Protein chains: 2
Amino acid sequence: MAARQGTRQRILEVAEELFQHRGYGGFSYQQIAERLGVRNAAVHYHFPSKTDLVLALLRRYRSSFIWWQDQMRRRGETPERCLEAFFALERRYMEEGKVCPLGVVGVESEGVPDVVRAEAAALADDLLRWLTAVLTQGGKQGALRIMGAPEACALALMGSLQAGLQLARLKGPEVFYILLEQQRGQLGLMTRQVAAGA
Amino acid sequence: MAARQGTRQRILEVAEELFQHRGYGGFSYQQIAERLGVRNAAVHYHFPSKTDLVLALLRRYRSSFIWWQDQMRRRGETPERCLEAFFALERRYMEEGKVCPLGVVGVESEGVPDVVRAEAAALADDLLRWLTAVLTQGGKQGALRIMGAPEACALALMGSLQAGLQLARLKGPEVFYILLEQQRGQLGLMTRQVAAGA
DNA sequence: GTCTATAGAGGGATAGAC
DNA sequence: GTCTATCCCTCTATAGAC
């Protein structure tokens with residue numbers, strides 16, 4: 001499956017999987033090569049150093065997210081629907097056993113090249129800027145209940161889900177869902193019918 | 001400083017420092033040995049395998065916390081003061097550039113021995129149980145504003161600070177303080193005078 | 001309890017053939 | 001663009017002297 005799309009892209013896909021499952025220091029060129037059925041050196045051809053690889057990975061997260069938020073905007077989605085779409089992204093990470101890339105770089109920060117940390121910080125900016133805008137708009141329209149500064153709410157929202165993904169690995173998926181519903185509740189969003197969308 | 005306390009204890013102290021700064025996979029016996037001025041093999045004498053070492057570390061977190069919460073109880077501290085003491089612990093991590101051990105194990109979960117993950121889960125239980133009890137009591141007394149289940153509030157509180165410590169490494173200390181104040185605000189606790197305690 | 005020395009595995013990275 | 005082969009490093013862990 002998915003065989004004809006250039007090794008470079010396939011490397012990035014496998015790397016993303018490994019990165020969010022095992023962390024920066026926890027995956028190797030060997031593991032990528034094995035999963036793709038090529039050799040170590042082939043991976044180094046496309047990404048000479050691990051820094052190059054992870055940098056490309058983080059840039060990809062950023063551009064994917066930029067594209068995604070543009071889609072939301074172009075479709076004229078309401079703040080509620082924007083948030084629900086965002087929750088769906090996070091829930092998907094959860095179901096795939098992944099954690100947020102920001103958490104990975106945050107935890108391993110001191111063992112990661114400066115450029116990588118900087119790119120992760122830029123990704124955090126992108127996410128927070130968008131979330132803040134959505135919350136601000138939703139607050140003005142009265143569709144969302146915003147307590148305090150929207151920037152702080154955005155931070156709390158992102159942080160809650162980031163920690164939820166991590167804690168789910170220790171305590172099971174429920175803790176993620178509890179945190180998700182808690183955030184929804186705070187924003188005045190109705191909880192969905194139980195078992196309607198599982 | 002702090003020279004006469006048995007190598008075993010000094011190893012655990014250095015290991016804790018490294019663990020919360022660099023992650024599970026990010027520190028080595030070499031680094032511990034260098035900082036203590038001994039050899040690699042001396043560390044292995046006290047902790048034969050890395051699993052032994054990190055397990056001892058997590059058990060130490062747990063027993064420290066148990067002791068700490070017993071202190072709080074014995075002193076008959078109010079829920080507010082209990083929470084403020086907890087915030088102080090987290091703020092200290094922040095100032096020392098550390099992240100929460102639960103975040104470390106959560107992120108690197110798949111590259112960590114099962115027993116280590118289990119011990120981290122037990123530590124999470126201890127923390128959540130205590131926080132839940134404090135929030136419940138504070139809610140009944142009317143000293144804290146609890147929205148929804150105390151268990152969910154405890155989770156949100158812990159998660160917020162956990163993520164705050166990680167994000168502070170990417171975006172600077174302010175994000176941690178913003179999250180902290182946000183949590184305080186939610187619980188109906190007054191924010192301290194600006195610049196009073198920096 | 002700490003040392004020297006070393007085994008053995010795996011990591012990142014490169015050279016040069018094809 | 002991928003391969004084989006290899007270098008060099010760091011890591012965990014152990015054996016045996018002191």
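Everything numeric here is computed off the predicted structure, so don't read it as measured data. In the text below, chain A, chain B and the rest are named by the order of the sequence lines, each starting its count at 1.
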Next item on the list: Indicate for each nucleotide in nucleotides 7-12 of chain C, in 5' to 3' sequence, whether protein heavy atoms under 4.0 Å reach the base (B), only the sugar-phosphate (S), or nothing (-).
Entry: ----SS
Check: Among residues 53-61 of chain B, which contact DNA chain C at a heavy-atom distance under 4.0 Å?
Finding: none
Check: Could A:R10 and A:E13 be called an ion pair, given the rule that one side-chain N must be under 4.0 Å from one carboxylate O?
Finding: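 Not counted as a salt bridge, because no side-chain N and carboxylate O are separated by less than 4.0 Å.
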Item checked: Residue pairs, two or more places apart or on separate chains, that pass ring-ring contact (aromatic ring centres under 6.0 Å, His included) and touch residues 59-80 of chain B ->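 Residue pairs with at least one partner in residues 59-80 of chain B: B:F65-B:W68, B:F65-B:W130, B:W68-B:W130.
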Checklist line | A:K50 charged N/C atom sitting above A:F27 aromatic ring, 6.0 Å / 45° | finding: yes
Next item on the list: On DNA chain D, reading 5' to 3', which nucleotide is the first and which the last to sit with an atom under 4.0 Å from a heavy atom of chain A, could you check?
Entry: D:dG1 to D:dT4
Next item on the list: Decide side-chain contact (heavy atoms from CB on, under 4.5 Å) for B:R59 and B:R62; before the verdict, give the C-alpha distance in whole Å, the side-chain angles of both, and the deciding distance to 0.1 Å.
Entry: CA-CA 5 Å; B:R59 292 212 176 101; B:R62 289 188 69 190; 5.5 Å; no
Checklist line | Within residues 107-119 of chain A: residues closer than 4.0 Å to DNA chain D (heavy atoms) | finding: none
Item checked: Under the side-chain hydrogen bond (donor to acceptor under 3.5 Å, both in side chains) test, residues paired with B:R75 that sit two or more places apart -> none
Item checked: Qualifying salt bridge (Lys or Arg N to Asp or Glu O under 4.0 Å) pairs, either residue in residues 127-150 of chain A, two or more places apart ->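 Of all non-adjacent pairs touching residues 127-150 of chain A, those that pass salt bridge (Lys or Arg N to Asp or Glu O under 4.0 Å) are A:D126-A:R129.
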With sequence neighbours excluded, what pairs up with [X] under the side chain to side chain contact (heavy atoms under 4.5 Å, CB included) test?
{"X": "A:P173", "value": "A:M94, A:Y177"}
{"X": "A:R8", "value": "A:H46, A:F47, A:A56"}
{"X": "A:H44", "value": "A:Y29, A:N40"}

Note to self: Can you see whether B:Q186 engages A:Q186 through a side-chain donor-acceptor pair at a distance of less than 3.5 angstrom?
What the structure shows: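 A donor-acceptor contact under 3.5 Å links the two side chains.
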Note to self: Under 4.0 Å, heavy atoms only, any strand: does A:A42 hit a base, just the sugar-phosphate, or nothing?
What the structure shows: sugar-phosphate
Note to self: Run B:L180 and B:E90 through side-chain contact (heavy atoms from CB on, under 4.5 Å) and show every step you take.
What the structure shows: CA-CA 9 Å; B:L180 179 56; B:E90 296 279 340; over 6 Å; no
Item checked: Position toward the 5' end of DNA chain D (nearest nucleotide), A:T7 or B:Y45 -> A:T7
Check: Taking only residues two or more places apart in sequence or in another chain, which ones pass salt bridge (charged side-chain N to carboxylate O under 4.0 Å, His left out) with A:R81?
Finding: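 Counting only residues at least two positions away or on another chain, A:R81 forms a salt bridge (charged side-chain N to carboxylate O under 4.0 Å, His left out) with A:E77.
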Compile the donor-acceptor pairs under 3.5 Å between side chains in residues 150-167 of chain B and protein atoms, sequence neighbours left out, one pair per line.
from: B:S160; atom 1: OG; to: B:Q183; atom 2: NE2; distance (Å): 3.1
from: B:Q162; atom 1: NE2; to: A:Q166; atom 2: OE1; distance (Å): 2.8
from: B:Q166; atom 1: OE1; to: A:Q162; atom 2: NE2; distance (Å): 2.8
from: B:Q166; atom 1: OE1; to: A:Q166; atom 2: NE2; distance (Å): 2.9
from: B:Q166; atom 1: NE2; to: A:Q166; atom 2: OE1; distance (Å): 2.9

